[in-house]
Number of protein chains: 2
Amino acid sequence: MQVRQRLENLSSELTATERKLCTALLLDYPYAGLDTIQDLAKKTGTSPPSISRFVTKLGFQGYQDFQRHLIDEIRQSNRSPLDLHVGDRPIQGDYLEDFVSRAVNLISASASAITSAQFERVCDLLGDEKRNVYLIGGRISDAIALYVSRHLRQVRSGVFHLPADPEIWPEYMLRMRSKDVLFMVDYRRYQRNLAELARRAKAQSGVQIVVLTDKWMSPAANHANEVFATPIESGTVWDSYSGAMVLMEAMLTRIAETNWDKTRKRIEAWDSLRFDHGARDDDQ
Amino acid sequence: MQVRQRLENLSSELTATERKLCTALLLDYPYAGLDTIQDLAKKTGTSPPSISRFVTKLGFQGYQDFQRHLIDEIRQSNRSPLDLHVGDRPIQGDYLEDFVSRAVNLISASASAITSAQFERVCDLLGDEKRNVYLIGGRISDAIALYVSRHLRQVRSGVFHLPADPEIWPEYMLRMRSKDVLFMVDYRRYQRNLAELARRAKAQSGVQIVVLTDKWMSPAANHANEVFATPIESGTVWDSYSGAMVLMEAMLTRIAETNWDKTRKRIEAWDSLRFDHGARDDDQ
DNA sequence: CTAGCTTTGATATTATTTTTTCATAGTCAA
DNA sequence: TTGACTATGAAAAAATAATATCAAAGCTAG
């Protein structure tokens with residue numbers, strides 16, 4: 001029987017340490033198991049005895065027997081490399097797997113809904129250091145705006161995440177110039193006040209507006225210069241933002257790569273300023 | 001350099017025994033080399049010392065070093081076709097499309113690194129209304145924690161997102177009970193203070209800890225009851241969290257579906273209470 | 001909170017694997 | 001044929017890896 005399958009079978013009766021091992025093995029399956037027992041122990045923060053007991057529990061004679069099995073598996077599956085990744089998950093109707101395949105569809109659809117010209121235009125806008133960037137999102141989608149602003153801040157200066165409280169918005173609006181960019185994320189259950197913010201910011205300062213929304217198009221999109229629309233229907237009770245997330249990652253990566261030298265220097269400078277008790281410098 | 005190639009290069013200056021070894025290695029390449037040195041000696045009718053000398057001649061530190069190389073080679077060659085995109089090769093062609101295929105790859109890998117039993121366990125933990133849930137993430141990854149907490153709050157009560165400032169953590173720690181759940185997101189460039197928080201929360205209240213991290217395993221994972229590990233290497237300048245994101249969406253959806261009636265009522269009640277002009281509810 | 005149970009890793013022990021040493025066998029030129 | 005050399009494997013030694021033991025820590029039910 002496949003090692004992987006044995007892990008599945010036993011996974012209900014594993015101890016904390018054993019689960020940790022299970023996680024590590026599956027994450028880099030099957031190669032993680034080819035390390036020596038000590039190295040694996042160190043990597044997983046467990047101990048050789050625990051590993052030894054674990055593989056015994058899985059039904060092997062000992063660690064070496066376990067490794068022999070893994071090697072055999074590799075040998076077998078060599079003919080169809082894809083097996084390793086997809087084929088041998090035994091459980092039918094596995095929730096996670098099913099969900100993932102839907103998400104993957106969404107993500108592909110998201111990407112193909114955006115032309116590369118538009119993609120480049122928005123990257124240029126947000127990457128342009130001469131423009132300040134203001135970001136905000138809706139109740140849930142603000143998490144995405146936050147993700148973008150945290151990253152963007154590593155690449156460039158002049159990035160401002162607007163707080164949730166509308167009372168404070170005017171303070172930011174007064175600083176917006178017509179070259180600046182207002183980046184809004186607004187998915188359905190649209191928030192009226194975001195559209196209002198867009199309208200007024202546009203009217204007052206002529207700021208450039210980029211909106212990330214779904215196909216029904218947030219009312220804020222009416223005032224936008226650029227609209228990224230991604231599908232969100234996952235066929236479940238919630239909408240899925242994974243398409244938006246990947247799109248944003250692609251955008252951020254593109255921006256960072258475009259001026260990588262500057263970004264690298266900026267990150268280094270930033271790191272040297274980080275307060276020490278909060279950060280580990282050894283990155284691995 | 002490939003072992004195979006080294007064999008080629010040296011083939012002119014090999015002794016009789018070495019040629020025998022060379023043949024055997026190539027005949028069942030690269031698996032023959034994964035045997036122990038004794039077994040290989042027996043199979044080839046040579047002796048361990050000869051093999052040891054041979055691999056040294058090939059330029060390795062010793063037999064184990066030689067094996068490590070072979071394993072790496074297998075690892076490389078066994079990558080799925082999609083993985084091949086990911087190498088260090090810069091993205092070419094349509095940027096977005098290529099990025100998406102990398103992300104999809106990461107996402108599938110993330111899912112297959114998690115057993116369905118573990119997935120269910122964590123869903124149960126976070127969905128259990130008898131437990132309070134505390135969430136926090138690192139500098140960047142907190143966006144994911146935020147996303148989870150916003151969603152979770154729609155499903156159930158007793159969800160608390162810890163603020164970034166460690167000064168305020170004790171206030172939350174004092175409220176943690178041993179049944180409660182502390183959910184942490186910590187990806188590389190781990191934050192020391194998160195591990196510290198985990199340690200102390202565990203020591204003080206025996207809270208259940210769930211950690212979402214990468215394969216290098218955040219130090220916080222040492223204190224965890226459950227660890228979700230997702231791959232993050234996208235082959236670009238940034239790590240990609242899309243695997244984590246999809247996993248979280250799957251989890252949230254699962255939780256919401258499990259008690260959908262309650263959730264629906266909760267959302268309705270919530271909506272009727274929202275301040276009408278769209279005020280966004282603050283998170284902390 | 002405590003008693004009794006399970007889990008865990010430090011240490012010691014044992015087993016295994018690899019390399020070194022060294023004597024012998026083989027090769028080839030004179 | 002001899003002597004100088006290389007190649008080879010048996011055996012010993014060293015290095016490395018895996019497991020057993022055991023005390024301590026953790027957990028759970030009462």
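Reminder, nothing fancy here: chain letters follow the sequence lines and each chain counts from 1.
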For DNA chain D, the residues among residues 51-68 of chain B that have a non-hydrogen atom under 4.0 Å from it: B:Arg53, B:Gln64
Within residues 35-50 of chain A, residues whose heavy atoms come under 4.0 Å of DNA chain D: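 Close to the strand are A:Thr36, A:Ile37, A:Gln38, A:Pro48, A:Pro49.
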Integer-rounded Å distance: [N] [atom2] and [X] [atom1]:
X	N	atom1	atom2	result
A:Glu13	C:dT7	CD	C1'	15 Å
B:Arg19	D:dT8	CZ	C1'	14 Å
B:His223	D:dG26	NE2	P	11 Å
B:Arg199	D:dA25	CZ	P	15 Å

Residue mapping more 5' on DNA chain D - nearest nucleotide basis, B:Gly206 or B:Thr15: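 Looking at the nearest nucleotide for each, B:Thr15 comes out on the 5' side.
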Test: B:Arg254 cationic atom under 6.0 Å from B:Phe119 six-membered ring centre, within 45° of axis: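 So B:Arg254 doesn't make the cation-pi contact.
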Checking the side chain of [X] only, and the main-chain atoms of [Y] only, is there a donor and an acceptor separated by less than 3.5 Å?
X	Y	result
B:Ser141	B:Gly137	no
B:Arg4	B:Leu26	no
A:Arg150	B:Arg139	yes

Mutual orientation of the aromatic rings belonging to B:Tyr147 and B:His151 [parallel < 30°, tilted 30-60°, perpendicular > 60°]: perpendicular
Flag side-chain contact, heavy atom, 4.5 Å: A:Tyr95 against B:Thr253: yes
Evaluation steps, side chain to side chain donor-acceptor pair (under 3.5 Å), between B:Ser234 and B:Thr236: CA-CA 5 Å; B:Ser234 65; B:Thr236 72; 2.8 Å; yes
Flag if over 12 foreign heavy atoms under 6.0 Å of NZ, B:Lys57: yes
